[in-house]
Protein chains: 2
Amino acid sequence: MTAEIVRTIPGAQKRTNDPEGMRKKVLDVAEASFQEKGYHGSSLGDLMAAAGVSGGALHHHFPTKKALGLAVIDERVAEAVAKTWIGPVLAAASARDGVRLVFEAAADELEKQGFVRGCPLNNLAHELSLADPDFRAALARIFRAWREAIAEKVRADQQNGGEKGIDPERFAALVIATYSGAMSMAKTAQEATVLRQCLAALPVSGQPAA
Amino acid sequence: MTAEIVRTIPGAQKRTNDPEGMRKKVLDVAEASFQEKGYHGSSLGDLMAAAGVSGGALHHHFPTKKALGLAVIDERVAEAVAKTWIGPVLAAASARDGVRLVFEAAADELEKQGFVRGCPLNNLAHELSLADPDFRAALARIFRAWREAIAEKVRADQQNGGEKGIDPERFAALVIATYSGAMSMAKTAQEATVLRQCLAALPVSGQPAA
DNA sequence: GACAAAACAGGACAACCGGTCTGTTTATAA
DNA sequence: TTATAAACAGACCGGTTGTCCTGTTTTGTC
């Protein structure tokens, strides 16, 4: 054992001018393109050009287009739902408050951008759920985690004496369905007002009346 | 003016063994395929084979694939929404009753089939809204007609002394968004229970509580 | 029957897509 | 230094797609 001490961690290679790896760049471009043009509407050639990546590099990190799609779903879409929905709801004073905050934040964001791309999860769910069982399973997992997080928040509120008289599972289903459908309508109409209308009609405001 | 009286209407020709026209056959096949495999996922070759139509015939009735897509949206999807939603709601005793009936009918149908294809309008809306302005406009028209029909039913109920305390526009937005989102979740989970959960959480039952 | 236009049939084509293949560079370990 | 394998580069190929083009048949009009 006259060899020197290893000074680099095996498996953690870094490129000269690419400290974070080319894989991340591809995922960034793919995530954006899948949302705007869909999975089938995004060709690998387009992604390669947009990311500045050669065909060999892309094939090295993602052997097939399906592998890239699954990576986007598992790593990016799931993270987006966790960041924009699950986190804020769990951090809010109550489930109802959290839902209202997220709806308002989403509407504000859409109006600020002036362009509605839709919900990443729903966009891919519609296109890929019936096309491939693996895609469907990956998307269903995200929906389930989303629902369970909201339902669990309601149960926690109820143990603290709040949110009486509502069914956790039903509330979670209603909230997610309404949000998804409202984003679908907003995307088609290219207008965010329907999101605020749905929020006002939901039983999360002062007067739950529709 | 010695000519005889015309005895046939110009432009209303009929084929020998095709009394209803080949155009209808193509629309039937395209409508079904677009819903299951999407617009981009349905190749003209597949449609030609499924409909038993030659390329020349298809090109004669629909010069481009986009023309076929617009025809499916304008003639079939709009009609489907009118038949399964607008009609039953207008015929019901009240808007709330109508919504509940349609939700239950949809859930029954899904459970009977054992397979969830999703809402035709939403499926195409997600795939085509951002892809083409003409598609988006056609789909937005259907959404708008859907919303206005439900809102108008609520207003009619209110003039008859019912459905007090609810905003017609908000109610319509909530109902359609919830239905669309619930169908999206049902499609991804391949299960119809979420539809019944959303119905129970909607303010159309005896106890509107979520 | 003669003529014109619509309604089809079916092949051909250029463009594109996803995947594969063979090199070349770079980093790690001995 | 040298061996080794990962990280890329870039050309290539078979298959598919949407569209177009040229014939042939049917339908309606004079």
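A note on names: the letters A, B, ... follow the listed sequences, proteins ahead of strands, and every chain is numbered from 1. Computed from a predicted structure; not experimentally measured.
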Quickly work out the [X] [atom1] to [N] [atom2] distance and round it to whole Å.
{"X": "A:Met22", "N": "D:dA6", "atom1": "CE", "atom2": "C1'", "value": "14 Å"}
{"X": "B:Lys37", "N": "D:dT17", "atom1": "NZ", "atom2": "C1'", "value": "13 Å"}
{"X": "B:Leu68", "N": "D:dT17", "atom1": "CG", "atom2": "C1'", "value": "15 Å"}
{"X": "B:Lys25", "N": "C:dC8", "atom1": "NZ", "atom2": "C1'", "value": "15 Å"}
{"X": "A:Phe62", "N": "D:dC8", "atom1": "CZ", "atom2": "C1'", "value": "14 Å"}

Open item on the list: Taking only side-chain N and O atoms of B:His60, does any of them lie within less than 4.0 angstrom of OP1 or OP2 on C:dA7?
Closed with: yes
Open item on the list: Holding to ring pair (Phe, Tyr, Trp, His ring centres under 6.0 Å), I want the full list of residues that pass it with A:Tyr39, two or more places apart in sequence or in another chain.
Closed with: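 Checked A:Tyr39 against ring pair (Phe, Tyr, Trp, His ring centres under 6.0 Å); matches are A:Phe34, A:Phe135.
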Atom pairs, protein N/O to nucleotides 18-22 of chain D N/O, distance under 3.5 Å:
{"residue": "D:dG18", "atom": "OP1", "partner": "B:Lys65", "partner atom": "NZ", "Å": "2.5"}
{"residue": "D:dG18", "atom": "OP2", "partner": "B:Leu44", "partner atom": "N", "Å": "2.7"}
{"residue": "D:dT19", "atom": "OP2", "partner": "B:Lys65", "partner atom": "N", "Å": "2.8"}

Under the salt bridge (charged side-chain N to carboxylate O under 4.0 Å, His left out) definition, can you give me all pairs with a residue in [range], not counting sequence neighbours?
{"range": "residues 41-63 of chain B", "answer": "B:Lys37-B:Asp46"}
{"range": "residues 176-194 of chain B", "answer": "none"}
{"range": "residues 115-126 of chain A", "answer": "A:Glu36-A:Arg117"}
{"range": "residues 52-63 of chain A", "answer": "none"}

TODO: Identify whether the distance between the nearest side-chain nitrogen and carboxylate oxygen of A:Asp28 and A:Arg76 falls below 4.0 Å.
DONE: yes
Open item on the list: From C-beta outward on B:Asp46, which listed nucleotide comes closest to its side chain: D:dC8, D:dT17, C:dA9?
Closed with: D:dT17
